[in-house]
Structures are given as C-alpha cells and as structure tokens.
Amino acid sequence: MEKKIISDERLQEINKSLYEISEKQVQNQRDLMTNEQSEQHFSEISRKCDRLFDRLFCSWNKDKAFANWLNQENTELLHNKQQISFHLEDQRKALNDEKRRLNDLEDELYSQRRALLNE
C-alpha cells in the first residue's frame, strides 16, 4: 500500500514536470519563430540598404569626398550587419540546443512514467 502511495506521488511529480516542460517547449517554439522572423526582416533590410548604398555611390561617385565618406559608412554598416547576423545565429543555435535538451528531458520523463506504470 505504501509503495502505491509513493508511486502515485512520483507519478504526479513526473506529470507535473512533463507539463512544465511542455510549457517551456511552447515558449521555445515561439522564440524560435520570433528569431526566424527577425532573421528574415534583417535580411530584407540588409538587401534594401545594399541597394541604397549602390545607388548613392553610382550617383555621387564624382564627388571624391562624398564617395570616401560613403565608403566609410558602408564599411561601418557591413561590420554592424555582421555583428547582428552573428548574434541572430547564436540565438538560433542556443534556442535549438534548448529545444533538443527539452525533448531529451521529456523523453526521459516519459520513460520513467512508463516504467512506473509497469511496476
């Protein structure tokens, strides 16, 4: 009888943990979608910015001072774009790692629950 009570308590703990993991997985999926949208928006803005700099440079290339300034600004912009790209990629990798970790934990809890129910 006492073993049954302990088993029921453990089963409740496992179910509670599964519920919490499920909530974390939903939030992780939302974060992944937000990150993906951010990457798409950034890519779109980056392409528009590249076209703008190309147009400006083609239009104003006779003014050497402006062309030099434009090149400096474009170099700075490229550096910033690279930093943002790395940040978004790191964020995506971290979210995917968290997704794998949560899935592994969920699988482990389901195995524990099956073993407990089979006893």
Side-chain angles (χ1 to χ4, degrees):
M1 182 71 172
E2 186 175 317
K3 188 175 183 178
K4 174 124 173 82
I5 292 172
I6 293 172
S7 294
D8 288 343
E9 288 174 0
R10 179 67 183 136
L11 189 60
Q12 287 177 350
E13 288 175 17
I14 290 173
N15 286 336
K16 181 181 176 193
S17 295
L18 283 168
Y19 177 78
E20 290 169 356
I21 288 173
S22 175
E23 291 295 313
K24 289 178 184 177
Q25 286 173 325
V26 168
Q27 183 59 45
N28 180 268
Q29 190 61 37
R30 283 188 197 125
D31 292 344
L32 277 166
M33 287 190 300
T34 300
N35 180 265
E36 185 177 324
Q37 289 172 344
S38 295
E39 287 179 338
Q40 289 173 354
H41 289 139
F42 176 72
S43 179
E44 182 181 331
I45 290 169
S46 182
R47 282 192 305 275
K48 287 179 180 180
C49 188
D50 289 343
R51 284 195 304 265
L52 175 64
F53 267 92
D54 287 344
R55 286 181 182 173
L56 284 172
F57 190 74
C58 289
S59 300
W60 290 85
N61 63 355
K62 293 177 183 164
D63 183 356
K64 294 297 178 190
F66 185 74
N68 286 336
W69 177 82
L70 200 57
N71 277 331
Q72 289 174 345
E73 292 299 313
N74 194 27
T75 301
E76 184 179 336
L77 183 66
L78 289 172
H79 175 72
N80 291 335
K81 285 178 5 181
Q82 190 176 35
Q83 284 183 325
I84 292 169
S85 292
F86 286 148
H87 174 72
L88 288 170
E89 185 177 330
D90 287 345
Q91 194 176 32
R92 180 174 21 95
K93 285 179 183 177
L95 288 168
N96 281 325
D97 288 346
E98 177 69 7
K99 180 179 179 179
R100 277 190 292 281
R101 187 187 71 77
L102 289 171
N103 286 339
D104 290 345
L105 188 55
E106 181 184 42
D107 290 343
E108 182 182 322
L109 287 170
Y110 274 122
S111 295
Q112 288 178 14
R113 188 170 81 172
R114 266 193 307 276
L116 194 61
L117 290 174
N118 288 337
E119 287 181 359

Is there a chain of hydrophobic side chains (I, L, V, M, F, W, Y, each step under 4.5 Å between heavy atoms) that links [X] to [Y]?
X: Leu52; Y: Phe66; value: yes
X: Leu18; Y: Leu102; value: yes
X: Ile21; Y: Leu11; value: yes

4.5 Å side-chain heavy-atom contact, Asn103 and Glu106
yes
query = So do the side chains of Lys16 and Glu20 get within less than 4.5 Å of each other, counting heavy atoms only?
reply = yes
Residue pair [X] / [Y]: nearest heavy atoms and the distance that separates them:
X: Lys99; Y: Asn28; result: CB-OD1, 3.4 Å
X: Leu109; Y: Ile14; result: O-CG2, 3.6 Å
X: Leu116; Y: Ser7; result: CD2-O, 3.4 Å

Self-check item: Verdict with reasoning, Arg114 to Leu117, per side-chain contact (heavy atoms from CB on, under 4.5 Å)
Solution: CA-CA 5 Å; Arg114 266 193 307 276; Leu117 290 174; 5.9 Å; no
If you measure from [atom1] on [X] to [atom2] on [Y], what distance do you get to the nearest 0.5 Å?
X: Gln27; Y: Leu32; atom1: CD; atom2: CG; result: 10.5 Å
X: Ser17; Y: Glu108; atom1: OG; atom2: CD; result: 10.5 Å
X: Phe42; Y: Ile84; atom1: CZ; atom2: CD1; result: 4.5 Å
X: Ser46; Y: Leu77; atom1: OG; atom2: CG; result: 7.0 Å
X: Phe57; Y: Glu73; atom1: CZ; atom2: CD; result: 14.0 Å
X: Ser38; Y: Asp31; atom1: OG; atom2: CG; result: 10.5 Å

Chi angles and distances behind the side-chain contact (heavy atoms from CB on, under 4.5 Å) call for Gln83, His87: CA-CA 6 Å; Gln83 284 183 325; His87 174 72; over 6 Å; no
Can a donor-acceptor pair be found, under 3.5 Å and without considering hydrogens, that links the side chain of Thr75 to the backbone of Asn71? yes
### Message
Quick check on Lys81: does its NZ atom have over 12 non-hydrogen neighbours (other residues, nucleotides or ligands) under 6.0 Å away?
### Response
yes
Evaluate the salt bridge (Lys or Arg N to Asp or Glu O under 4.0 Å) criterion for residues Arg100 and Asp97: first the C-alpha distance (whole Å), next the side-chain angles of each, then the deciding distance (0.1 Å), finally the verdict.
-> CA-CA 5 Å; Arg100 277 190 292 281; Asp97 288 346; 2.4 Å; yes
*List the steps, then state whether side-chain contact (heavy atoms from CB on, under 4.5 Å) holds for Arg47 with Ser43.*
CA-CA 6 Å; Arg47 282 192 305 275; Ser43 179; 2.8 Å; yes
The residue among Glu89, Gln91, Gln40 that forms side-chain hydrogen bond (donor to acceptor under 3.5 Å, both in side chains) with Asn35 is Gln91
Answer yes when [X] and [Y] have at least one side-chain N-carboxylate O distance shorter than 4.0 Å, and no when they do not.
X: Glu13; Y: Arg10; answer: yes
X: Glu98; Y: Arg101; answer: yes
X: Asp90; Y: Lys93; answer: no

